[in-house]
Amino acid sequence: MRKGAKAALVGGVFAVMVGGAGYGTYNLVNGVTGDGGSTGAGPAPLRTGPPTSGEARETARKFLDAWAAGDARQAAGYTNDDAAAANALTGYREDAHVSKVKLTPQRASGAHVPFSVSATVSYKGKSKRLAYDSKLTVVRGETTGRALVDWSESVLHPSLEKGDTLVTGEAAAPPLKTVDRAGVALRKKDYPSLGPMLDALRTKYGEKAGGTPGVELYVQPADGGSEAVTRTLLTLQKGKAGKLRTTLSAGLQKAAERAVLRYDESSVVALKPSTGEVLAVANNRKDAFNAAFLGKVAPGSTMKIVTAAMLIDKGVTKASGPAPCPATAVWQSQTFPNLKGMAPDESATFSDSFARSCNTAFVKLIDEEGLTDASLTEVAQNDFGLGRGDWKVGVSSFDGAVPPSPGPDRAANALGQGKVQMSPLDMASVTATAMTGAFRQPVVVPRSLDGRELATARGLPASTVAQLRQMMHRTAVSGTGARAMAGLTGDVGAKTGSAEVDGRAESDSWFTGYRGDVAAAAMAQRGGHGGDAAGPIVADVLRAG
């Protein structure tokens with residue numbers, strides 16, 4: 001593969017001008033100023049303000065014409081990052097082997113110009129047509145005043161992120177036929193939310209599953225390491241696909257995909273508490289980030305499941321024990337309120353305060369003798385398997401963070417704020433452990449495939465489990481989770497959470513619940529209260545399960 005941009009023009013191959021002239025170098029060496037005026041008339045004043053629609057159309061036309069003609073130097077001269085643009089445009093031909101490029105601009109919207117690409121990808125005697133749509137934006141050059149294409153890799157292809165490159169050659173991994181627990185094929189077109197995970201599974205297990213690579217045009221991520229997940233854009237020659245059976249359920253996955261469409265920036269995970277097998281994972285996000293497995297955000301009051309387990313295990317209280325719920329509580333000079341509209345209840349039991357999600361009751365209880373700044377951390381790690389960095393799910397995941405926290409953060413952590421970070425996968429696992437008393441590390445790829453060592457934890461005493469289930473059931477049928485869980489019959493439980501994020505007016509919505517042998521957790525960023533957005537998502541998944 002080519003390394004870096006070419007530095008000379010040889011036989012018509014792209015070249016990059018080297019020097020300090022900056023933007024407008026191409027025009028200056030042809031005796032023209034950056035704004036199109038003659039150099040003999042003296043420097044013209046720099047233009048300011050956003051480019052006009054005429055400038056945008058003209059700049060886009062010149063850039064696209066030069067790109068289509070194969071002149072990387074000239075095309076790059078119409079951008080605000082000529083070195084990066086020339087390098088990428090050179091790689092477009094030399095590394096991605098793209099030729100016969102036709103670029104057709106569409107109707108511009110101000111400075112934004114969409115365009116279509118029609119080209120041919122050729123590699124070792126194999127060729128295939130390539131067609132896609134992209135777009136560019138024209139901006140005013142800061143030092144030249146020229147109208148310039150605002151360069152980013154996504155101009156070259158919308159699948160590219162910063163630092164990514166296009167490569168054509170033998171695929172980085174063999175193709176993989178991924179199936180669910182019953183052998184049903186899991187394809188991106190049927191389960192679009194699974195796309196990033198299917199790519200990751202192919203990278204990790206394609207060869208182990210018995211496949212052989214074909215020839216493809218693919219996106220090489222910027223990190224470029226052995227674990228880097230490539231994304232196929234075009235297949236020139238098919239390889240032999242391996243077959244990987246996962247723990248997912250096609251039916252529940254379809255329900256999860258539909259459920260997250262209710263709210264933007266939402267994610268959900270469902271798993272089987274009796275085994276730890278992941279049944280569904282879905283994301284509805286503008287990016288391709290698997291927040292369901294990799295999210296690192298405050299889980300709000302869903303964390304009270306872990307805090308409640310700590311308080312019961314340490315003998316601080318029990319479900320039927322006292323847990324007064326005043327309007328406010330002070331810890332280390334910081335005042336903690338309840339959600340707006342919650343009436344104080346000085347005679348509340350712990351079950352009462354859990355079902356209402358009373359913050360002040362929990363803040364007062366963590367002040368009891370025998371608890372330290374590390375108590376919540378110890379229970380999270382030793383009982384729930386959280387925060388140790390040792391989960392081996394089958395693809396990349398985050399197993400939570402519950403660090404020992406002095407000062408006000410000790411109380412904030414107990415409420416799922418402060419330094420605590422979780423993903424929906426983590427909270428689904430917390431619910432599963434609370435249900436069964438046993439920690440079973442979540443998996444999406446059976447351990448039998450590669451013999452990897454799974455994480456272990458001691459779990460919870462039977463008496464603690466009984467009390468947690470009683471409190472979660474009450475939350476689901478008459479507490480803060482009742483509206484979302486309405487209509488779900490059988491053995492059910494839930495916990496809501498609203499996580500405040502610095503600088504945001506709307507809190508993140510969290511909800512976790514169980515029904516039978518299915519536990520699920522969801523998060524909707526900026527979704528408000530736990531029952532408002534995340535709750536209906538979880539309820540839909542549990543209903544399908």
Side-chain angles (χ1 to χ4, degrees), residues 1-8 13-18 63-64 66-101 103 115 117-124 126-137 149-175 195-196 198-200 202-204 206 213-237 239 287-289 396:
M1 185 189 300
R2 176 189 59 85
K3 300 295 184 182
K6 297 298 179 183
V13 177
F14 298 141
V16 177
M17 294 193 68
V18 179
F63 169 75
L64 295 174
W67 174 5
D71 194 333
R73 180 188 69 176
Q74 184 174 8
Y78 294 117
T79 74
N80 59 1
D81 191 345
D82 50 359
N87 188 48
L89 289 163
T90 302
Y92 193 71
R93 283 184 177 269
E94 295 190 2
D95 298 336
H97 299 276
V98 183
S99 60
K100 300 179 183 178
V101 180
L103 305 168
F115 60 93
V117 180
S118 176
T120 299
V121 181
S122 302
Y123 186 81
K124 293 186 176 179
K126 300 173 180 63
S127 296
K128 201 165 186 178
R129 294 297 297 170
L130 173 69
Y132 60 93
D133 294 322
S134 190
K135 59 184 177 181
L136 60 84
T137 300
V149 172
D150 188 19
W151 177 257
S152 70
E153 286 83 347
S154 63
V155 172
L156 199 65
H157 194 287
S159 294
L160 295 175
E161 299 176 0
K162 186 174 178 59
D164 291 351
T165 54
L166 292 174
V167 178
T168 296
E170 182 177 287
L198 295 176
D199 288 338
R202 176 188 174 184
T203 297
K204 188 167 185 179
V215 176
E216 299 175 352
L217 166 67
Y218 60 89
V219 176
Q220 177 65 52
D223 54 29
S226 59
E227 294 289 319
V229 178
T230 62
R231 302 187 300 280
T232 300
L233 300 179
L234 188 70
T235 300
L236 279 71
Q237 178 180 314
D287 56 25
F289 181 59
S396 297

Do you know which of Leu160, Thr165, Asp164 makes side chain to side chain contact (heavy atoms under 4.5 Å, CB included) with Pro221?
-> Asp164
With Asp150, which residues qualify under side chain to side chain donor-acceptor pair (under 3.5 Å), at least two apart?
-> Asn80
Glu161 side, atom CD; Glu153 side, atom CD - distance, nearest 0.5 Å | 9.5 Å
Write down the atom of Pro196, the atom of Ala288, and the distance for their closest heavy-atom approach.
-> CG-O, 3.3 Å
Heavy-atom pair with the smallest gap, counting every atom of Tyr123 and Thr168 = CE1-O, 3.6 Å
Between OG on residue Ser122 and CZ on residue Arg93, distance to nearest 0.5 Å | 11.0 Å
Note: Ala86 and Ala72 closest approach over all heavy atoms is O-CB, 4.1 Å
Could you go step by step and tell me if Leu156 and Trp67 meet the side chain to side chain contact (heavy atoms under 4.5 Å, CB included) rule?
-> CA-CA 10 Å; Leu156 199 65; Trp67 174 5; 3.6 Å; yes
On a heavy-atom basis, the closest approach of Ser99 and Ala119 is O-CB, 3.5 Å
Which value, rounded to the nearest 0.5 Å, describes the distance between Thr203 atom OG1 and Leu198 atom CG?
-> 11.0 Å
Closest non-hydrogen atoms of Gly77 and Asp82, given as atom of the first, atom of the second and distance, are N-CB, 4.5 Å
If you take all heavy atoms of Pro175 and Pro213, which pair is closest and at what distance?
-> CD-CA, 4.2 Å
Thr79 (side chain) donor-acceptor with Ala75 (main chain) under 3.5 angstrom = no
Value for CG (Asp71) from CG (Leu89), rounded to nearest 0.5 Å, stands at 10.0 Å
Keeping the roles fixed (side chain from Ser118, backbone from Ala131), state whether a donor-acceptor pair exists under 3.5 Å.
-> no
With Glu216 as partner, the option from Arg231, Lys128, Arg202 fulfilling salt bridge (Lys or Arg N to Asp or Glu O under 4.0 Å) is Arg202
Are Val219 and Leu233 close enough that some pair of their side-chain heavy atoms sits under 4.5 Å apart?
-> yes
Would you indicate whether the side-chain heavy atoms of Leu136 and Leu64 approach each other to under 4.5 Å?
-> yes
If you round to the nearest 0.5 Å, how far is NE2 of His97 from NZ of Lys126?
-> 12.5 Å
Looking just at side-chain N and O atoms, do Ser154 and Ser152 make a donor-acceptor pair shorter than 3.5 Å?
-> yes
Paired with Leu166, the side chain to side chain contact (heavy atoms under 4.5 Å, CB included) test is passed by just one of Leu234, Val98, Leu217, namely Leu217
Between His157 and Tyr132, what is the ring plane arrangement, given parallel below 30°, perpendicular above 60°, and tilted in between?
-> tilted
